[in-house]
Structures are given as structure tokens and as C-alpha cells.
Amino acid sequence: MFKDVDEQLEVILRGTVDIVTKEELIKKLKRSYEENKPLRVKLGLDPTAPDIHIGNAIPIHKLRAFQSLGHTAILIIGDYTATVGDPSGVNKTRPMITYEKVLENAKTYLSQAGKILDLKKTEVVYNSEWFKKMTFHDVIQLAAKMTVARMMERDDFTKRYSAGIPISVHEFIYPLMQGYDSIMVKSDVELGGTDQLFSLLVGRDLQRDAGVEPQVALTTPLLEGIDGNKKMSKSLGNYIGVTETPTEMFGKAMSIPDNLMHKYFELATDLSIKEINHLLNIHIHPRASKVSLARAIVQRYHDKKDAEAAAAEFDRIFKEHELPDKIPDVEISGGELTDGKIWVVRLIVLCGFAATNGEARRLVQQGGVSINNDSVNDPTLNIELKTDMILKVGKRRFARIVMKK
RNA sequence: GGGUGGAUACCCGAGUGGCCAAAGGGGACAGACUGUAAAUCUGUUGGCAUAGCCUUCGGAGGUUCGAAUCCUCCUCCACCCA
């Protein structure tokens with residue numbers, strides 16, 4: 001039923017960073033193979049935001065790989081941990097979010113994770129299931145298993161502490177909660193980003209303490225955001241969401257810096273190493289490589305046809321400077337007009353392309369505005385407004401005007 | 001409980017009576033260029049139908065012709081000692 005251990009290892013180890021420990025992993029795989037018993041592979045997701053992006057999708061894809069190999073995927077929806085806020089990889093306390101908000105996010109999370117995993121074969125559990133029942137006494141017992149010194153070994157905390165950035169006590173509880181999850185679901189392997197390593201190791205300690213065999217900790221790289229600088233995250237706005245439209249995905253993928261192409265290829269597409277090396281060949285023009293990359297990303301979450309269409313549209317807008325397929329309509333009410341005319345600056349604001357008149361005025365002065373392909377440079381201009389006029393601001397913002405009585 | 005240092009625009013951060021709508025950096029936006037929403041370079045970045053006026057430097061008062069800057073009280077934060 002299972003492939004042999006070496007074959008499995010090849011799939012499992014692709015794109016991983018830490019394996020604690022490789023020997024244990026091999027041992028577990030061997031046993032699973034011999035006894036024909038799937039490994040229990042755990043991934044915890046905290047629904048702190050409504051969207052999954054291609055960065056936090058990386059471990060989900062890894063979980064999917066285990067699933068495809070015949071192992072049991074366990075997806076923990078961290079509805080309780082989410083309200084605490086994971087301190088990993090952040091330099092300040094995460095704002096606490098309400099339980100209602102978490103449950104709302106959890107719904108969209110699950111459907112988005114379903115784009116990657118086979119949910120029918122996935123054990124989905126909410127960690128409120130056990131945390132809700134714990135008493136304060138239980139919490140103290142759990143907290144007693146960790147020392148402050150060990151907690152402070154973490155780089156995240158050390159940095160914050162020495163920089164004088166506050167660390168709340170509840171943040172110390174977080175890794176313990178995550179570790180406790182591992183006991184509850186009896187995991188053999190736990191996945192996570194490299195920033196999760198500490199928490200994954202705490203899980204091992206707690207399991208050992210509870211008298212069960214510790215899980216293997218397996219981490220995947222963190223993906224930089226499309227700005228090429230910081231970790232991809234919702235709050236920094238540098239992400240590609242897995243539910244975004246093909247056009248958006250494609251455009252965002254095209255905006256990553258060249259030097260990140262390799263990493264994106266490896267972590268955000270389904271292409272084989274061989275194909276990737278071929279596409280990044282030095283004789284291939286970097287733009288062509290990036291187009292292939294953008295296509296492959298779109299294809300992973302949509303389909304091939306969507307990817308082609310997105311690529312074609314991108315060329316049309318940015319190479320041929322033509323209009324996109326779909327231009328959003330903006331209704332302008334007749335009351336905005338004086339003698340059938342409207343002040344350009346006002347129009348830009350009404351279309352939502354600038355927050356204030358001053359900003360709109362600047363856009364005009366900088367030559368970023370055109371109407372029906374004629375550029376507008378005079379910020380005092382009044383224009384005669386007609387339905388179907390196309391307003392273009394910057395390189396990629398378009399609106400079709402629709403008059404409303 | 002005692003002490004010290006803080007709070008400045010989207011973020012970081014300089015500014016200690018007038019030259020302050022407030023340096024510098026980041027981000028964002030626009031333009032040029034082209035290989036693209038890469039890179040690089042340039043510009044813009046409180047509001048106002050803009051040579052002027054209005055509102056902003058944690059909050060409320062006060063001193064002064066004039067306050068981000070000085071004083072009082074308040075709120076919040078960090079650090080040190082216990």
C-alpha cells in the first residue's frame with residue numbers, strides 16, 4: 001500500500017528546512033511501512049485572518065503530500081490558539097481577536113484549505129474541543145512544564161525583550177497550547193514554517209512527558225512577500241491570496257523581484273525541480289521565466305486556461321497598453337454635474353482612486369491620469385461626462401463611467 | 001512600593017520657544033526608462049477648487065506676542081531597584 005521509504009522520503013524532504021530528527025522520521029516511516037499503518041501528520045492553522053495566502057499554504061501543500069502518500073492528515077483549526085495570538089516571528093504582541101471573528105475566519109479557512117487538501121480524507125479538529133474544558137488548575141499544570149529561561153531562549157522573545165518591546169505572559173502559553181494539541185491528536189509528525197520550530201519542539205517535550213513517542217518536527221521555509229523584503233503576510237499587504245482572481249495573482253507574481261523567482265518556483269508551484277531548473281536557465285530571458293512562474297502559480301489554484309488568459313491580459317495591458325477585459329463600472333450621479341461637466345479631480349475621488357482632492361490633483365499633475373486615452377494634465381479642468389468614458393489612473397487602475405440619473 | 005526614560009504624520013524616527021506642515025529612512029503613489037506591477041533614476045506624500053488659509057506632534061488646562069518644544073494635572077508604555 002505504501003511506497004517504499006526512500007521514495008517517500010524524497011517527496012517529504014523536498015523544500016523542508018529542519019527535520020528533528022531525520023533518524024526518527026525514517027524509523028517512523030519504516031514502521032508505518034511494515035505495519036501498513038499510516039502516520040498521523042499534524043498541521044495547525046490559526047484562523048486569524050480570513051484569507052490563506054501562498055506563503056502559509058506551503059505547509060498545507062506539504063500536508064497534502066503526506067496525504068497523497070497515504071498518511072493521515074490532521075488539520076487543527078486553532079480556534080482557541082488564535083485568540084491567544086502566536087508570538088512566533090513577530091516583534092510585538094498580536095492584537096487579541098474575538099472568538100466570533102475567529103469562527104468566521106475558520107469557515108473561509110476550511111474552504112480555502114480544501115483547495116489544497118482532500119478534506120474528505122482529512123481529520124479536521126478544532127482545538128477548542130479540549131481547551132474549552134480545561135480548568136485553571138489544568139492550565140497551571142501545563143504552564144509548570146516550561147521554564148522562563150527556556151522560553152526566553154527564543155530569538156523572538158530575546159529580541160523583543162532587549163529592545164524593550166513588551167511581552168505579555170499569555171504569549172508564553174502559546175507554544176504550550178500548540179504542544180498540547182500534539183498530545184491530543186497523537187501526532188507522529190508536525191508541520192510548520194521555520195518560525196514554528198520552537199513550538200514544534202515543545203510538542204515533543206510535552207509528548208515525552210506524557211509518556212508517548214515524540215513527534216518529528218518538520219519545517220518549511222517562510223516565503224518572502226511580493227515586495228521581496230519581509231515575510232509574506234496579510235497585514236503587510238504583500239501577499240498573494242489563494243482565492244484571488246487569476247489576473248490579480250498573475251500581476252502580483254510578476255511584481256516579485258527577480259532574485260526570488262527560484263524560491264517561488266520551488267515553494268509556490270507544482271513544477272518539478274527539473275522543470276524549474278529548465279525554466280530558470282541562464283539562456284532564458286528573466287521576463288520569460290517570470291511569466292512561466294506567474295502562470296504556474298495561477299494554475300496551481302485555478303486552471304491552465306485561467307493562467308493563459310491572465311498572461312494574455314497582462315501583455316495586453318502592460319506591453320500593448322490596451323484596456324483590460326473587465327473594467328469596473330463606477331456610477332456617477334447627475335447631481336455631481338454642473339452644466340453636464342465635472343471637475344476631473346472630483347471624478348477621480350468619486351471613482352475611489354484618491355482619498356482626497358489633493359491626492360487626485362497630484363495624480364493629474366504628475367501625468368498619471370487619462371480619459372479615453374487622452375492624458376489630462378490640468379487639475380482645474382472640467383470635463384463633459386458621458387457614459388462609457390474610461391478613466392485611467394496610473395498604469396493599472398481603470399474605471400468605466402456610468403451616468404446615473 | 002521607589003526611581004528613570006518615553007508617547008511626533010501610514011510605520012520608524014529627528015526636532016527642547018519663532019527659520020515647523022515639522023529633518024532623515026521605510027512604505028505608498030506617479031513619471032522616465034524597459035524586461036514586468038523586476039531593477040534603476042526622478043518626483044510627490046496633512047486638508048482645502050492650493051501663491052493664501054485651516055487642522056495636526058498622547059489627552060485636558062496654563063504661561064507667552066508666539067508652544068511639538070516651558071509649567072500643572074491626567075492617560076498609556078518601557079526599563080531599573082525592591
Side-chain angles (χ1 to χ4, degrees), chain A residues 90-93 95 157-169 224-233 235-241 244-265 279-280 282-295 297-298 310-322 324 336-339 341-370 375-383 391-398:
Chain A
V90 292
N91 58 11
K92 58 176 180 231
T93 309
F157 287 145
T158 312
K159 275 192 195 138
R160 279 166 66 179
Y161 192 70
S162 55
I165 300 165
I167 302 167
S168 299
V169 173
E224 284 88 345
I226 55 176
D227 58 351
N229 237 327
K230 304 202 176 71
K231 182 184 145 185
M232 184 175 287
S233 87
S235 52
L236 292 172
N238 61 358
Y239 68 102
I240 302 177
E244 287 189 78
T245 63
T247 316
E248 273 302 293
M249 271 190 181
F250 193 93
K252 284 185 178 182
M254 287 303 281
S255 81
I256 66 164
D258 288 1
N259 59 19
L260 272 181
M261 285 202 280
H262 187 90
K263 201 164 177 188
Y264 267 66
F265 261 123
L279 289 168
L280 283 173
I282 195 141
H283 300 300
I284 293 183
H285 196 290
R287 184 181 189 276
S289 302
K290 206 179 279 180
V291 168
S292 310
L293 170 64
R295 267 202 199 140
I297 292 173
V298 175
E313 170 141 327
F314 190 86
D315 269 2
R316 196 159 64 243
I317 298 172
F318 297 106
K319 276 178 93 172
E320 288 148 33
H321 304 287
E322 291 187 11
E336 294 289 346
L337 304 184
T338 317
D339 300 332
K341 293 186 168 183
I342 189 168
W343 181 33
V344 228
V345 165
R346 177 75 189 150
L347 180 66
I348 295 165
V349 172
L350 286 174
C351 289
F353 294 149
T356 61
N357 289 353
E359 200 180 312
R361 183 187 299 273
R362 251 175 265 132
L363 287 167
V364 173
Q365 281 164 346
Q366 289 176 140
V369 176
S370 68
S375 73
V376 178
N377 296 306
D378 177 6
T380 64
L381 193 70
N382 287 295
I383 38 174
L391 173 71
K392 183 183 180 193
V393 173
K395 288 193 180 74
R396 43 186 276 258
R397 288 182 288 173
F398 300 86

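All figures in this text were calculated on a predicted structure; none of them were measured in a lab. In the text below, chain A, chain B and the rest are named by the order of the sequence lines, each starting its count at 1.
Shown here, B:A32 forms a base pair with B:U40; the pair counts as Watson-Crick or G-U wobble because both key distances fall under 3.5 Å. Pairing for B:C70 is with B:G62, a Watson-Crick or G-U wobble pair whose two hydrogen-bonding atom distances lie under 3.5 Å. Using Watson-Crick or G-U wobble geometry with both donor-acceptor distances under 3.5 Å, B:C76 finds its partner in B:G6. Here B:G1 sits opposite B:C81 as a Watson-Crick or G-U wobble pair (both hydrogen-bonding atom distances under 3.5 Å). B:G27 is paired with B:U45 under the Watson-Crick or G-U wobble criterion, all donor-acceptor distances under 3.5 Å.
A:Ala294 and A:Met254 get closest at one heavy-atom pair: CB-SD, 4.0 Å.
Taking every side-chain heavy atom of A:Asn382 into account, B:A49 is the closest of B:G35, B:U36, B:A49. Among B:A37, B:U36, B:A49, the nucleotide with an atom closest to any side-chain atom of A:Arg287 is B:U36. Side-chain atoms of A:Leu363 lie closest to B:A30 of the nucleotides B:A30, B:G35, B:A37. Distance from the side chain of A:Pro257 is smallest for B:A38 among the nucleotides B:A37, B:U36, B:A38. Out of B:A49, B:G35, B:A37, the shortest distance to the side chain of A:Trp343 is found at B:A49.
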Kindly indicate, with the supporting measurements, whether the criterion side chain to side chain contact (heavy atoms under 4.5 Å, CB included) is fulfilled by A:Phe353 and A:Leu391. CA-CA 10 Å; A:Phe353 294 149; A:Leu391 173 71; 3.9 Å; yes
Step by step, work out the side chain to side chain contact (heavy atoms under 4.5 Å, CB included) result for A:Phe250 and A:Ile297. CA-CA 8 Å; A:Phe250 193 93; A:Ile297 292 173; over 6 Å; no
Going through the checks in order, is the side chain to side chain contact (heavy atoms under 4.5 Å, CB included) test met by A:Leu350 and A:Ile342? CA-CA 11 Å; A:Leu350 286 174; A:Ile342 189 168; 3.9 Å; yes
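Judged by atom type and distance alone, A:Gln366 does not reach the base of B:G31 through any side-chain donor-acceptor pair under 3.5 Å. Below the 3.5 angstrom threshold, one finds a donor paired with an acceptor across the side chain of A:Asp258 and the base of B:G35.
The phosphate of B:U44 (OP1 or OP2) has no side-chain N or O of A:Arg362 nearer than 4.0 angstrom. Under 4.0 angstrom from either OP1 or OP2 of B:U36 there lies no side-chain N or O belonging to A:Lys252. In this structure, A:Thr356 reaches the B:G47 phosphate: one of its side-chain N or O atoms is under 4.0 Å from OP1 or OP2. Side-chain N/O atoms of A:Arg361 include none lying less than 4.0 angstrom from OP1 or OP2 on B:A30.
Of the candidates A:Lys263, A:Arg287, A:Lys290, A:Lys290 is the only one forming a salt bridge (charged side-chain N to carboxylate O under 4.0 Å, His left out) with A:Asp258.
What separates CG of A:Leu280 from P of B:G35 is a distance of 19 Å, to the nearest Å. Across the protein-nucleic acid pair, A:Asn238 atom CG and B:A38 atom P stand 14 Å apart, rounded to whole Å. What separates CD of A:Glu244 from C1' of B:A37 is a distance of 13 Å, to the nearest Å. Note: CG (A:Leu236) to P (B:G26) measures 17 Å, nearest angstrom. Atom CG of A:Asp227 is separated from atom C1' of B:C11 by 14 Å (rounded to the nearest Å). Rounded to whole Å, atom P of B:A37 lies 17 Å from atom OH of A:Tyr264. Between A:Lys395 atom NZ and B:A28 atom C1' there is a gap of 14 Å when expressed in whole angstrom units. Atom CG in A:Asn357 sits roughly 16 Å away from atom C1' in B:U45 (whole-Å rounding).
Residue contacts for A:Gly251: at a heavy-atom cut-off of 4.0 Å it reaches a base atom on one of the strands shown. Nucleic acid contact for A:Gly358: base, since at least one base atom lies under 4.0 Å from a heavy atom of the residue.
RNA chain B is contacted by both A:Thr338 and A:Lys319; A:Lys319 maps to the nucleotide lying nearer its 5′ end (nearest heavy atom per residue). The 5' end of RNA chain B is approached more closely, in terms of each residue's nearest nucleotide, by A:Met261 than by the other of A:Met261 and A:Pro379.
Taking atom P in both B:G27 and B:U16, one finds a spacing of 28 Å when rounded to whole Å. Across B:G3 and B:C54, the matching P atoms stand 44 Å from one another, rounded to whole Å. Here, B:U69 and B:C20 have their C1' atoms 11 Å apart, quoted to the whole Å. Taking atom C1' in both B:G59 and B:U8, the straight-line distance is 15 Å, to the nearest Å. The gap from the P atom of B:C11 to that of B:U55 amounts to 23 Å, rounded to the nearest Å. For B:C71 and B:G24, the C1' atoms lie 31 Å apart once the distance is rounded to whole Å. B:A78 and B:A32 are spaced 46 Å apart, taking the C1' atom of each and rounding to whole Å. Only the C1' atoms considered, B:C19 is 15 Å distant from B:A67, to the nearest whole Å.
A donor-acceptor contact shorter than 3.5 Å links the side chain of A:Glu244 to the backbone of A:Gly241.
Distance CD/A:Glu224 to OH/A:Tyr264: 7.5 Å, rounded to 0.5 Å. With rounding to the nearest 0.5 angstrom, the OG1 atom of A:Thr247 is 10.5 Å from the CE atom of A:Met249.
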